[in-house]
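Throughout, a chain's letter reflects where its sequence line sits, starting with A, and its residues are numbered from 1.
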Amino acid sequence: MGEPTDASTTSTSTSTPTITITVEFTGGLEMLFDNIPFHHVKLPAKNTQGQVVTIGDLIPWLCENLMKDTRKELFVLDGNVRPGILVLINEADWELEGEDKYELKDGDNVLFVSTLHGG
Amino acid sequence: MPSSSTYLAVLCTDDACPLNAPNAAQCMRSPSTMKGFANDGTNGLSAARRNQSTTDGIDLSSTRAASDHSAIYTPAPKSASSRYNRQMLIPSISISGQQHICSAKILVIGLGGLGSPASLYLAGAGVGRLGLLDDDEVELSNLHRQVVHRESSVHDGMTKVQSAIRGCRELNGEIELVGHELRLDVSTREKAEEVISVIEQYDIVLDCTDNPATRYLISDLCVVLGKVLVSGAAQRLEGQITVLNYLLPGDEGRGPCYRCVFPNPPSPEMVKGCGEIGILGPVVGTIGTLMASEALRLVVKGMDEVRKPTMLLYNAWPADPRGTFRSIGLRGKRADCVACGDVDVLTAKPLQKISRQEILNGRMDYATFCGVIRDIKLLDKEHRVGATQFLRTMASNSRTLEENEVTSRRKWLNAILVDTREPHEVEMGPKLSMAVNIPISKILRPDGVMEVAKLLDDGEHDAVVFVCQQGNDSQVAAKKLLDWRTQQESDQNRANQNITDSQPGNNVFVGDIIGGYAALDKA
Ligand SMILES: [Zn+2]
Ligand SMILES: [Zn+2]
């Protein structure tokens, strides 16, 4: 387990407003992200279409910018988060928050929980 | 034993006590009352069994026979100072809570790392009927975490059910322990009937199993049979626990179920057992203990206590110490859940709701639903090397080999051997002396394959053979190297450049050892 990391988009210029959120991975998902479970992530506040950045925008962003493993399919399948992975926004299931349409705010915490099976 | 005289104040039961007994510890006549837990002179251990005035295993009779002043004085009930006294002192349990516990019927499915502490604590708490279900035998590698079993269970070749019954019986001889040596298999009507008839005998089910297929099956059975499900899981240093299919307020029925939370199973590649990825004993023990605690809460507070669906996450070694425990809010019941959803919503989709009848008809195929990890086949036959063949060839002087053997194996005789297991797996596993360790996690990173290609820079090798534990990762690695080579070639053809040193050309054999170290071990 390493220290929290800082990641930001390379395209971020001083004029583009950004938000900083925390992204966490548990249940073994951290293995796909350099074994680091806790990340500070700086994102442009608007997506490429000029709309407020959503969780739906975050997921491909994570694949491209934060994921170290090449096995993207272990995190994303057909554009969606893989079955067996819970997505929590500020510790509540994202389905309570509008799923991928949830608009990210500065300071949000996004937690990805992989189901465990051992016993 | 208690040292508090306040607690002991009711214990003296000897009418002839010269001290007139404010405290049994001071009793001159019956010092034996100090030895046991009970105050009825029976030493407590089987008070409830011997006493005919038992209701649901709880003794409500008075601590002594009616006496002259019985009109105005009622001694404490015997049960208050029974073996369960310490949990009955908790105001929200008290006598009525203990009565509920003593009449509860709880089934523990899976007597491993979760089921061990769960069954021990439930037995200790006095659960009236405790069902113990498993189809496995105790092994030495279980003992670091499966605390209900003993070394002697391994030596005597006991089943987990036999061993767990012994462990729970030694802890509490007063409860009913029912063993079910049974595999949770509903593939035929006969098997499904047996499984259903077992689960029907209980009110609460603890899922202490270790694979997704069984977890979906248990959840579906709990839904169709109307049982509350306490679901726990753990691996490595993390655990999760949630209560499912509990009664919702009003006439909302029950929910959510396991399928509401996880409508689709995880990919089989992501599912690995404790035998592969490891588990720390206290971590799985913590979750199993929490499961017992949740079951007792349900028994005492009722199955319909209004709650929001939550899941408790436990991380034994978190990056942030505040993250050891965290509770996350789960979504509620899914209207279109095929197990617990709304019939009208499902019919409109159209989907058929899972029913008891459908399970009985053997129509539910959980193994197919969850997928099975089959041995992957990424490489063609000519890229694969047999384990026996490899060991025999490498161990022998090439002069002792038949000429035709040398010819057929020439392509990999001068190979670099790359072991793709993770370092800790190499440390704990068998080794090949000539192997270079480049873990699969490294090879799968962007440019990770360069690490392998670099090994060929010395020009002394004309082949790369990968080896891993089972022969799956080795194929993944070999495929990656082959794909990379193809890519490089096409890039270079386009750029019309010369082949660089660190690029394995077509003359370099790339392959793997079939079945990995598991096969080498048997070769
Ligand atoms: Zn006395
Ligand atoms: Zn459901």
Quiz item: Between B/Ile328 and A/Asp93, is a side chain to side chain contact (heavy atoms under 4.5 Å, CB included) present by the stated rule, with each step listed?
Solution: CA-CA 7 Å; B/Ile328 56 173; A/Asp93 196 311; over 6 Å; no

Proximity breakdown for [X] and chain A, heavy-atom pairs closer than 4.5 Å:
X	result
B/Ile287	neither
B/Lys442	neither
B/Tyr314	neither
B/Arg215	side chain
B/Val476	neither
B/Ser116	neither

Calculate, to the nearest 0.5 Å, the distance between atoms [atom1] and [atom2] belonging to [X] and [Y] respectively.
X	Y	atom1	atom2	value
A/Met31	B/Glu422	CE	CD	9.0 Å
A/His117	B/Cys370	NE2	SG	8.5 Å
B/Leu313	A/Leu86	CG	CG	8.5 Å

Self-check item: Verdict with reasoning, A/Thr115 to B/Phe262, per side chain to side chain contact (heavy atoms under 4.5 Å, CB included)
Solution: CA-CA 9 Å; A/Thr115 31; B/Phe262 301 109; 2.6 Å; yes

Quiz item: Between B/Gln240 and A/Ser114, is there a donor-acceptor pair closer than 3.5 Å when you use the side chain of the first and the backbone of the second?
Solution: yes

Quiz item: With no hydrogens and no angle check, is any side-chain donor or acceptor of A/Thr70 less than 3.5 Å from a backbone partner on B/Arg445?
Solution: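 No; zero donor-acceptor contacts below 3.5 Å.
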
Quiz item: Which heavy atom of B/Leu330 sits nearest a heavy atom of A/Leu96, and at what distance?
Solution: O-CD1, 3.7 Å

Quiz item: Looking only at heavy atoms, what is the nearest atom pair of A/Pro83 and B/Pro265, with distance?
Solution: CB-O, 3.3 Å

Can you say whether [X] sits under 4.5 Å from chain B via the side chain, the backbone, both, or neither, judging by heavy atoms?
X	value
A/Met67	neither
A/Glu24	side chain
A/Leu77	neither

Leading residue by heavy atom contact count with chain A [cutoff under 4.5 Å; candidates [options]]:
options	result
B/Asn211, B/Leu114, B/Asp320	B/Leu114
B/Arg334, B/Lys480, B/Met311	B/Arg334
B/Pro446, B/Cys208, B/Gly112, B/Ser441	B/Pro446

Quiz item: Going by heavy atoms in the side chains, are A/Leu116 and B/Gln235 under 4.5 Å from each other?
Solution: yes

Quiz prompt | Pair B/Arg331 + A/Glu99: basic N to acidic O under 4.0 Å | solution = no

Quiz item: When only pairs under 4.5 Å are counted, which of A/Leu111, A/Ile85, A/Leu32, A/Asn90 shares the most heavy-atom pairs with chain B?
Solution: A/Leu111

Quiz prompt | Enclosure of B/Tyr121 OH (heavy-atom neighbours >12, cutoff 6.0 Å) | solution =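 For B/Tyr121, atom OH is not crowded (no more than 12 foreign heavy atoms under 6.0 Å).
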
